[in-house]
There are 2 protein chains.
Amino acid sequence: MFIEIESNSDVPIYLQLAQQLMEGIVRGELKPGDSLPSVRAFASDLGMNMHTVNKAYHYLEEKELIQIVAKSGVIIQPNGVPKASEEKKQKLEAQLRPFVTEGLVLKLSEEELVVIVRKLVQKIEEGNE
Amino acid sequence: MFIEIESNSDVPIYLQLAQQLMEGIVRGELKPGDSLPSVRAFASDLGMNMHTVNKAYHYLEEKELIQIVAKSGVIIQPNGVPKASEEKKQKLEAQLRPFVTEGLVLKLSEEELVVIVRKLVQKIEEGNE
DNA sequence: TGTTTGCTCTACTATGTATAGAACAAATGT
DNA sequence: ACATTTGTTCTATACATAGTAGAGCAAACA
């Protein structure tokens with residue numbers, strides 16, 4: 001599991017970390033039950049602060065993707081991630097809306113937008129870029 | 001053109017405003033050459049600060065969707081919006097990536113994600129919700 | 001000529017991000 | 001049993017963004 005953080009990005013580094021861990025889960029590099037590094041060890045590895053890793057972990061815990069066991073460690077959700085509820089799908093749709101709007105205003109067609117999504121799915125599942 | 005701002009949203013209100021104006025452009029409610037309200041009048045209408053409207057306008061100007069003519073007013077890009085360059089498409093793809101990841105980690109299939117995007121295109125073009 | 005326009009300036013508050021160091025109590029490893 | 005490691009909690013600092021507020025400017029407009 002290779003983590004790359006862009007310190008110049010406008011995306012907070014705790015979110016970059018969380019997102020890359022999510023991609024690891026999608027790819028199966030991180031399997032249910034796998035343990036993640038301690039906040040101190042991970043922070044040291046990545047050259048960031050303990051609290052920043054902690055924030056990423058809690059972000060993933062809120063999404064029920066990992067389990068944080070106090071004074072013990074952090075593991076990937078052992079039972080696997082349940083499929084998105086209708087509510088979560090709607091939240092995702094709402095979050096997606098501004099970007100679809102941006103595409104449309106830049107004269108991209110529905111098909112072009114679909115192609116972008118399909119390409120992204122491939123990239124994420126294969127671990128490209 | 002109806003604008004609705006959610007003050008409880010985690011999306012900054014200047015962005016909410018800019019996004020809804022973009023949807024207006026997509027729908028053709030705002031046509032090239034149309035003028036937008038002055039920052040003061042709009043702010044008064046929407047119950048927000050002049051500077052917040054100003055920020056939304058400059059956000060849209062950076063995207064070349066409107067033209068701000070100092071001491072005169074603001075108009076929708078008169079020549080229409082040029083189609084997205086390859087660079088802009090890639091930027092959009094990068095912005096979309098975390099949300100596609102989120103969908104995949106919640107066990108949504110590629111097809112389900114595509115359906116969400118198609119639904120969104122319809123909603124935005126028809127002005128639903 | 002008086003009003004409206006976007007622009008600029010300072011100012012203040014609130015929130016989020018990131019880092020830093022310290023201490024705590026429970027789980028873990030030996 | 002003991003020392004280490006664990007996530008948690010606390011205080012602190014620094015910086016950026018968001019939002020509001022009020023004032024003044026010079027040019028465009030009617």
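Within every chain, numbering begins at 1; the chains are lettered A, B, ... in the order of the sequence lines, protein sequences first and strands thereafter.
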Spacing of [X] atom [atom1] relative to [N] atom [atom2], expressed in whole Å:
X: B/Asn54; N: D/dA18; atom1: CG; atom2: C1'; value: 14 Å
X: B/Phe42; N: C/dG6; atom1: CZ; atom2: P; value: 12 Å
X: A/Lys55; N: C/dT15; atom1: NZ; atom2: P; value: 14 Å
X: A/Leu36; N: D/dG7; atom1: CG; atom2: C1'; value: 13 Å
X: B/Tyr59; N: D/dA18; atom1: OH; atom2: C1'; value: 15 Å
X: A/Tyr57; N: D/dT6; atom1: OH; atom2: P; value: 10 Å

Donor-acceptor under 3.5 Å (A/Gln77 side chain, A/Glu64 main chain):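 Yes; judged by distance alone, with no hydrogens or angles, the pair exists.
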With distance as the sole test, does B/Lys107 use its side chain to make a donor-acceptor pair with the main-chain N or O of A/Val81 at under 3.5 Å?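 Looks like yes, one N/O pair under 3.5 Å.
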Could B/Glu111 and A/Arg118 be called an ion pair, given the rule that one side-chain N must be under 4.0 Å from one carboxylate O?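 Salt bridge present between B/Glu111 and A/Arg118.
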Side-chain ion pair, B/Glu102 and A/Lys91, N-O less than 4.0 Å: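 Looking at B/Glu102 and A/Lys91, the cut-off is not met.
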For A/Glu93, give me all partners under salt bridge (charged side-chain N to carboxylate O under 4.0 Å, His left out), at least two apart in sequence or on another chain.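 Salt bridge (charged side-chain N to carboxylate O under 4.0 Å, His left out) list for A/Glu93, sorted by chain: B/Lys123.
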Tell me, please, which residues at least two apart from A/Lys71 pass salt bridge (charged side-chain N to carboxylate O under 4.0 Å, His left out).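 Result, salt bridge (charged side-chain N to carboxylate O under 4.0 Å, His left out) vs A/Lys71: none returned.
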Using a heavy-atom distance cut-off of less than 4.0 Å, which residues of residues 6-24 of chain B contact DNA chain D?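 Hits under 4.0 Å, by residue number: B/Pro12, B/Ile13, B/Tyr14.
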Residue pairs involving residues 28-48 of chain B (criterion side-chain hydrogen bond (donor to acceptor under 3.5 Å, both in side chains); sequence neighbours excluded):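 Residue pairs passing side-chain hydrogen bond (donor to acceptor under 3.5 Å, both in side chains), neighbours aside: B/Arg27-B/Glu29.
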Atom pairs under 3.5 Å: protein N/O with N/O of nucleotides 21-28 of chain C:
| residue | atom | partner | partner atom | Å |
| --- | --- | --- | --- | --- |
| C/dG21 | O6 | A/His51 | NE2 | 2.5 |
| C/dA23 | N6 | A/Arg40 | NH2 | 3.3 |
| C/dA27 | O4' | A/Lys71 | O | 3.3 |

Same hydrophobic cluster for [X] and [Y], using side-chain heavy-atom links shorter than 4.5 Å among ILVMFWY?
X: A/Val69; Y: A/Tyr59; value: no
X: A/Val26; Y: A/Met1; value: yes
X: A/Val115; Y: B/Ile124; value: no

Over its full length, what angle do the end axes of the helix from C/dT1-D/dA30 to C/dT30-D/dA1 make, each axis taken from five pairs and the result rounded to 10 degrees?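 Between the first-five-pair axis and the last-five-pair axis there is 30°.
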Short side-chain donor-acceptor distance under 3.5 Å, A/Glu4 and A/Gln16: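 Short answer, no.
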C/dC7 OP1/OP2 closer than 4.0 Å to side-chain N/O of B/His58: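 So the side-chain polar atoms of B/His58 do come within 4.0 Å of the phosphate oxygens OP1 or OP2 of C/dC7, strictly under.
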